[in-house]
Amino acid sequence: MTDKNQRFATRLVTAGRAPIHQHGFVNPAVHRGTTVLYPDMATRLAVGRNRYERNLTYGLTGTPTHWALEDMIAEVEGGTRAQIVSSGLAACTAPLMAYLSAGDHLLVPDSVYGPVRTFANKILKKLGVETTYFDPEIDASGLAVLFQSNTKVLFLESPGSHTFEMQDVPALSAVAHAHGARVLMDNTWGVYFFQPFAHGVDVSIQALTKYVVGHSDVLLGSIATNSEEDFRAIRDTVLDLGHYASPDDCWLALRGARTLGVRLDRQMESGLTVARWLQDRPEIARVLHPALPGAPGHDLWKRDFTGAPALFGIEFAPGYGQQDTYRFAESLQLFGIGVSWGGYESLALPTTGTITRNLSSRFAGHLVRMHVGLEDPADLIADLEQALDRLVKSGA
Ligand SMILES: *Cc1c(COP(=O)(O)O)cnc(C)c1O
């Protein structure tokens, strides 16, 4: 059992654990199973059929391994309950399905995680839901005029995970609520540095794949809620769609969560060290790290967040072309070229090709997304130094 008065690092260690129910072992067991056997019909009939309660009836509705992780995530997000699904993307799409029907309207920031845009443009459109994309740095009055009588959902993601624009979540949420809409937020970047329910969000989504798992080896998503009404809406849709997550994967996510506090503290510090070093390089025009003073969105970050993960962008100076950013990434030894993030290893990803919207009005230079892992930052900086030193402007 956790105590809300305890500090976060303590709660990460205690959440979702009940050794008395697991023969005294520290970690919960992996419960693999489909069928649950009943000793007699009386027991069968006594098992509740309420799908919102934790009844052991069939693997698809959850096991104690799922529940332990759900308790942990509710704790991380500062909500009351959570639902685990098979991927971060499923954690984005299931709530959209829960709240939207034919004829409804959805508002999404232009910087949203790409596959969510694809889902809106293909599946939601086919089902008769219309989507409007808005400037991710919009203010409350700008957002207010985009609401229609049929707007049911405001989807937020702050910052955008490629371009790092911050949103004024409390102000935008207040506009949505005034128009009777629900606020869903992808809080993967915020992890536990941003407490969504304290800032007006109704449903908080995380790709656990990233920092909670932390080891680049499991795909998993969570949907956290802070009211029974929202939990029921999500739970109904998840069960009706047949979403499931492997208990082995839930167990790995729980194991990752136990070290989340130290990993994130270290990665935040190393990320800022590397970001500050990059800021002083002539090849780099801007470092897009919301926790850096002077970076875009820094004031909002400072007001609403208690920390930052180690995912940020760098914008190259004029004269460095797309091919130059490819050469930069290829000459790094410690940074891999790869999508995803939140693992223990560093990554550098030129963003060209991964973003479908037009970025030319916002960025003059080419972008590379950086993720700083658990390597020693001095080695990472030495690696960046050799890669930048050999870079020549080609403009191509
Ligand atoms: C990776 C990611 C997702 C999707 O997570 P998967 O587990 O890969 O499906 C969603 N949102 C953001 C911001 C992400 O970075």
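Note that ligands are numbered from 1 as they come in the structure, with each ligand's atoms numbered from 1 the same way. Keep in mind that this is a model prediction, so the values were computed, not measured.
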Would you check whether [X] has a nitrogen or oxygen atom less than 3.5 angstrom from a nitrogen or oxygen atom of ligand 1?
X	value
S161	no
D186	yes
A207	no

Just need the protein heavy atom nearest to [atom], so name the residue and atom and give the distance.
atom	value
atom 1 (C) of ligand 1	K210 NZ, 1.5 Å
atom 6 (P) of ligand 1	G88 N, 3.3 Å
atom 7 (O) of ligand 1	T209 OG1, 2.6 Å
atom 8 (O) of ligand 1	L219 CD2, 3.7 Å

Side-chain (D202) to main-chain (V183) donor-acceptor, under 3.5 angstrom: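 Indeed, once roles are kept as given, a pair shorter than 3.5 Å links the two residues.
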Side chain, backbone, both or neither: the part of L89 lying under 4.0 Å from ligand 1 by heavy atom: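 For L89, backbone and side-chain atoms both sit under 4.0 Å from ligand 1.
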Part of W341 within contact of ligand 1 (heavy atoms, under 4.0 Å):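 The part of W341 near ligand 1 is the side chain, not the backbone.
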Return yes if a side-chain donor-acceptor contact under 3.5 Å exists between [X] and [Y], otherwise no.
X	Y	result
Y326	Q322	yes
E77	S204	yes
D236	Y52	yes
Q386	R390	yes

Of Y211, F194, Y113, F305, the residue whose pairing with W189 passes ring pair (Phe, Tyr, Trp, His ring centres under 6.0 Å):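 The option that passes is F305.
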Pairwise distance CG(N187) to CZ(F197) - rounded to 0.5 angstrom: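 One finds 8.5 Å between CG of N187 and CZ of F197.
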